Structures are given as structure tokens and as C-alpha cells.
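The next block holds one structure in the form of C-alpha cells; read it before the comments.
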Amino acid sequence: MEVEIGASIPMGLFSKSVVEPSLDQNFNPENQYREFRGFVKQEGGQAQLGSNLGVTLAYAISPSFYFSLNYSRFTNPIDASPQENYFAANLQNRTDSFGNEFQIFGSLESDNYQANGWHSGFGYRKVIATWSFFWRGIFRSKSINFPILYLDF
């Protein structure tokens, strides 16, 4: 049995802070009467340094061949401040159909980015002196959670 704990470093689109493309696709900012529902996270990024947990169970079929079952979970918290600033500057002050101005109060909330994976496979181990070399063919199933930033009243 092997347990791995480490850092989950966001890269590429996950680490960028892009607000406008992350607006809910059903929301039209030019129509002031349209309901604002949130920001779509796979378009906006804002992932921060997170954590990784992995567990591996291996069964030796022979001294060289083995079967393994692995589970991994990556979690990255989200920095919602770019969306909060955009919301306060552009969306918080509204006008109803009668021309009355009002404010939408609340804060933006979000779940973390999360990736879970199950892997299983067969492997081969070759020992040369004090070195061990491993080759493994795996079958994988992954799920990724792209949370939405939503307005919490």
C-alpha cells in the first residue's frame, strides 16, 4: 500500500483570472432586467494552490508482475475576488422596469475545483542492482468538477 500527499498546482486556464467570459451564458449584461445567476468556473479560472491525495494498492502476481488499484483526488480552492469586484462594479446596482434603482446584496460563493480518478492496471518491475524500474499499463476513469460561482443572499 502506498499513500501520496502533495501539492496540486493549477496551470493554464485554471490559474488565469478572466471574468467576462465566465459570466453565465444565459445572462445578457446589456439587458438590465435579466437575472444574474453566477459565473461559470471552467471559463474563469482563479484556481489556487491546492492539495493532492493518492492511494495505491498493489498485489504481486510474481516477483516481476503486479496488479494495482489507485485512487487520486486533486482539490484546488478558488479565488472569487475578481468576480466579486466585477459584480460590485457592473452588476450590483440595478434598475427595475419602473426605473427604480436598487442593489443586489450578497456574496459570491463557490465550491472548489476537484478531480477524482480511479486507475487500475498491470505492471512489470525490473530490479537492476539497487534500482527498480516500473512499467504499468492502466485503465482510467476520471471525473472533474467545474463549480459555478453563485450569488448567496
Side-chain angles (χ1 to χ4, degrees), residues 1-60 66-123 125 132 134-153:
M1 182 172 157
E2 179 180 310
V3 176
E4 301 168 2
I5 299 173
S8 176
I9 302 170
M11 302 176 77
L13 294 176
F14 291 104
S15 62
K16 291 182 180 178
S17 278
V18 184
V19 177
E20 285 81 5
S22 69
L23 281 168
D24 182 356
Q25 299 301 312
N26 294 320
F27 177 73
N28 179 359
E30 294 173 6
N31 181 350
Q32 57 186 344
Y33 309 115
R34 191 78 188 242
E35 181 183 348
F36 169 74
R37 293 190 301 180
F39 295 93
V40 181
K41 291 306 302 145
Q42 68 258 37
E43 299 294 336
Q46 284 83 255
Q48 296 178 309
L49 182 65
S51 61
N52 168 38
L53 171 65
V55 178
T56 300
L57 296 172
Y59 176 76
Y66 65 92
F67 171 79
S68 67
L69 179 63
N70 311 36
Y71 172 75
S72 61
R73 178 182 191 137
F74 298 87
T75 303
N76 292 85
I78 292 173
D79 174 18
S81 61
Q83 278 89 355
E84 288 175 346
N85 295 338
Y86 182 90
F87 176 78
N90 300 295
L91 302 171
Q92 190 169 24
N93 297 316
R94 310 295 288 167
T95 305
D96 66 17
S97 57
F98 300 108
N100 300 318
E101 293 183 6
F102 66 97
Q103 276 192 331
I104 300 174
F105 293 102
S107 61
L108 292 173
E109 303 287 334
S110 177
D111 295 330
N112 298 329
Y113 278 110
Q114 191 170 323
N116 298 303
W118 287 97
H119 322 265
S120 65
F122 291 98
R125 181 178 77 133
S132 289
F134 295 89
W135 293 271
R136 178 174 46 185
I138 62 172
F139 304 98
R140 177 178 298 191
S141 171
K142 281 219 179 259
S143 67
I144 299 177
N145 177 25
F146 293 107
I148 186 168
L149 266 168
Y150 56 90
L151 190 60
D152 186 23
F153 297 101

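Only heavy atoms go into these numbers, but all of them, side chains included; no hydrogens, no water, no symmetry mates. Computed from a prediction, not measured in an experiment: that's the story for all the values here.
Between M1 and V55 the shortest side-chain heavy-atom distance falls below 4.5 Å. When side chains are defined from C-beta on, W135 does not count as touching R125, because their heavy atoms never get closer than 4.5 Å. Using a 4.5 Å heavy-atom threshold, the side chains of Q48 and P10 count as separate. Looking at heavy atoms from C-beta onward, F74 lies out of side-chain contact with Y113 at the 4.5 angstrom threshold. Here the side chains of N116 and Y71 are in contact, with some heavy-atom distance below 4.5 Å.
Under the side chain to side chain donor-acceptor pair (under 3.5 Å) criterion, T56 pairs with N70, not counting sequence neighbours. Residues meeting the side chain to side chain donor-acceptor pair (under 3.5 Å) test with S8, sequence neighbours left out: N76. With sequence neighbours excluded, the residues that form a side chain to side chain donor-acceptor pair (under 3.5 Å) with S81 are D79.
Enclosure of atom CD in Q103 by more than 12 non-hydrogen atoms of other residues, nucleotides or ligands within 6.0 angstrom is indicated. Within 6.0 Å of the OH atom in Y59, the count of heavy atoms belonging to other residues, nucleotides or ligands does not exceed 12.
Listed here is the closest heavy atom pair of Y66 and A60: CB-CA, 4.1 Å.
The structure places CG of N52 at 9.0 Å from CD1 of I5, a figure rounded to the nearest 0.5 Å. Within the model, atoms CD of E4 and OG of S72 stand 8.5 Å from one another, a figure rounded to the nearest 0.5 Å. A distance of 8.5 Å separates CZ of R73 from CG of L53, quoted to the nearest 0.5 Å.
Ring centroids of F67 and F122 are separated by less than 6.0 Å, placing the two rings close together.
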| field | Worked verdict on W118 versus F139 for side-chain contact (heavy atoms from CB on, under 4.5 Å) | value | CA-CA 8 Å; W118 287 97; F139 304 98; over 6 Å; no
